[in-house]
Amino acid sequence: MSVRVRFAPSPTGHLHVGGARTAIFNWLFAKHFNGAFIIRVEDTDQARSTHESEQMVLDDLRWLGLGWDEGPDVSGPHAPYRQSERRTIYGETAAALVAKGVAYRCYCSEEELEAKRKQAEVDGRPPHYDLKCWIDRRDDDAPHAIRFHVPDDGDVTIDDLIRGEVTWRKESLGDFIIVRSDGFPVYNFCVVVDDHDMDITHVIRAEEHLTNTHRQVLIYRAMEWAVPHFAHVSLILGQDRTKLSKRHGATSVSAYAEEGYLPDAMLNYLTLLGWSSPDGLDVFSREYAIQNFSLDRVNAAPAVFDPQKFEWLNGQYIHAMSAAELVPFVRPFFPSLSNTPWLEEGIDVVKTSVHRLTEFAGALLFVLEYAPPAVDRALAEKLAEDLRANGAPTDEASYKAMVERLKISTGLKGKALFMPLRLAMTGLDHGPELVRAIPLLQHASEVDARVLSPLARVEMILAS
RNA sequence: GGCGCAUUCGUCUAGGGGUCCAGGACGCCGCCCUCUCACGGCGGUAACACGGGUUCGAAUCCCGUAUGCGCUACCA
């Protein structure tokens, strides 16, 4: 049987990095085995789920480059892929469970249950359901929930692909609700029904679901369904070692996209958070990750999200890409330059100093903006003279030739020559190497009226 | 409280009884390259949570403690 995995987001906001990593692991696993990757929207919590959120999450997944074979927007053989649209099948399964005598109608009110829980806490007892409706079973249509009965016998063991064997004693678990009194089924029940119905072979999900798994296994057993393989991925933490949240700064995939991170870098970084390449690589392609991914190299310990390493990695991607490849990524961050013909050259000149796409604007500001700096007048005059006589440098050779002439005419060399030259040309005391910057200014000035040419710049100095 | 999971440099990790006085990466520090800022290269700093076992030998296996996290809902 071929591998079928699913990512099951709750549509309650943007995709967060934790969810993104879970999605990535599922995707890599599916691709590695040439299996199917399925998106299932878990929107049984009507109060929190919205359609807009679903769109956002799907958009975030697309941005990451994770394509799916079946899902709410593309349908598939097990449609629908939205839990809110699958109520019939849950109802049927719940009825089957009741018919088998393992689930029952519970007429207790929420208030009643809440009071019992509080009392149990005071008495130091586990807050389990007191079995009232199990002992006194009814089947009338008064408002009721459906509860799954857990006898206090034996235990439940799973062989988690990341954590190994995990065992729970059934007595540590009380009878639990599978269908709410409003008729909506509950997560722990839906997952089982859906994963079975959708022929999911491997359930790869966040660690917070680990302890819920024993409930789910009980339902599989009661329905006599094959239990899938489980793999529980650890949580991603913030720098203070608590679960990553808003106060740690950006946590959603879209926020990182807006901060100038590349989808490939994000995928690479998140993959590295918990998984390690068998070759010890930190930077690798999607293809490499697909080829080499395996659950047994996934770490069971939680991982702290490190913005510095992520930024470094993003820089690695930017540096490795050609300027032409970068242009479409940079454009959205650089509206004033979106149509300038010199953008590609500009990117090429400054990209090694950039770690995020948003930094290109600042790195290229010297092209568009110029305020005449204080520069030695004699040098400025020699420079102006040379530019008038020979034209501005347009490539490495003409730049070097100009530098040689200036060395002679000014008698300066090294830093004493280059720093004033840099200042005169860019208005700044730092920036890309002049051999690239000066030709860029010349080229840009030829095609963009807003850009001052090298000569125009020196003349401004002389005029001031 | 109960149950469960986790614990190697500041961070991500390699390691699955001897090859580890623990390797790589980010960060940090220094040197080199260099007109500057970067990039790149080289080097350095820094860790097996603690305590018991098992074993000739333990980062690796077992038990306990501590700490962190998760679940314990008619949330997912």
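Throughout, a chain's letter reflects where its sequence line sits, starting with A, and its residues are numbered from 1.
Among the protein residues, A:Arg422 comes within range of the nucleic acid bases, having at least one heavy atom under 4.0 Å from a base atom. The residue A:Leu434 sits close to a base: some heavy atom pair falls under 4.0 Å. Here A:Pro302 lies in heavy-atom contact (under 4.0 Å) with sugar-phosphate atoms only. Among the heavy atoms of the strands lying under 4.0 Å from A:Gln316 are primed sugar atoms or P, OP1, OP2 only; no base atom is included.
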- Report, as a single string ordered 5' to 3', how protein heavy atoms within less than 4.0 Å touch nucleotides 71-76 of chain B: B base, S sugar-phosphate only, - not at all. SSSBBB
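A:Met425 has its CE atom 18 Å from the P atom of B:U36, to the nearest Å. Rounded to whole Å, the distance from CG on A:Leu365 to C1' on B:C37 is 15 Å. The CG-P distance, from A:Leu313 to B:U13, rounds to 14 Å in whole Å.
A salt bridge is defined here as a Lys NZ or Arg NE, NH1 or NH2 lying under 4.0 Å from an Asp or Glu carboxylate O, and A:Asp140 with A:Arg138 meets this definition.
When the P atom is used for both B:U60 and B:U19, the distance is 13 Å, rounded to whole Å.
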Dump every N/O contact between nucleotides 61-64 of chain B and the protein below 3.5 Å, one line per pair.
none

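Partner of A:Ile24 under the side chain to side chain contact (heavy atoms under 4.5 Å, CB included) criterion, out of A:Leu66, A:Asn268, A:Val233: A:Leu66 alone.
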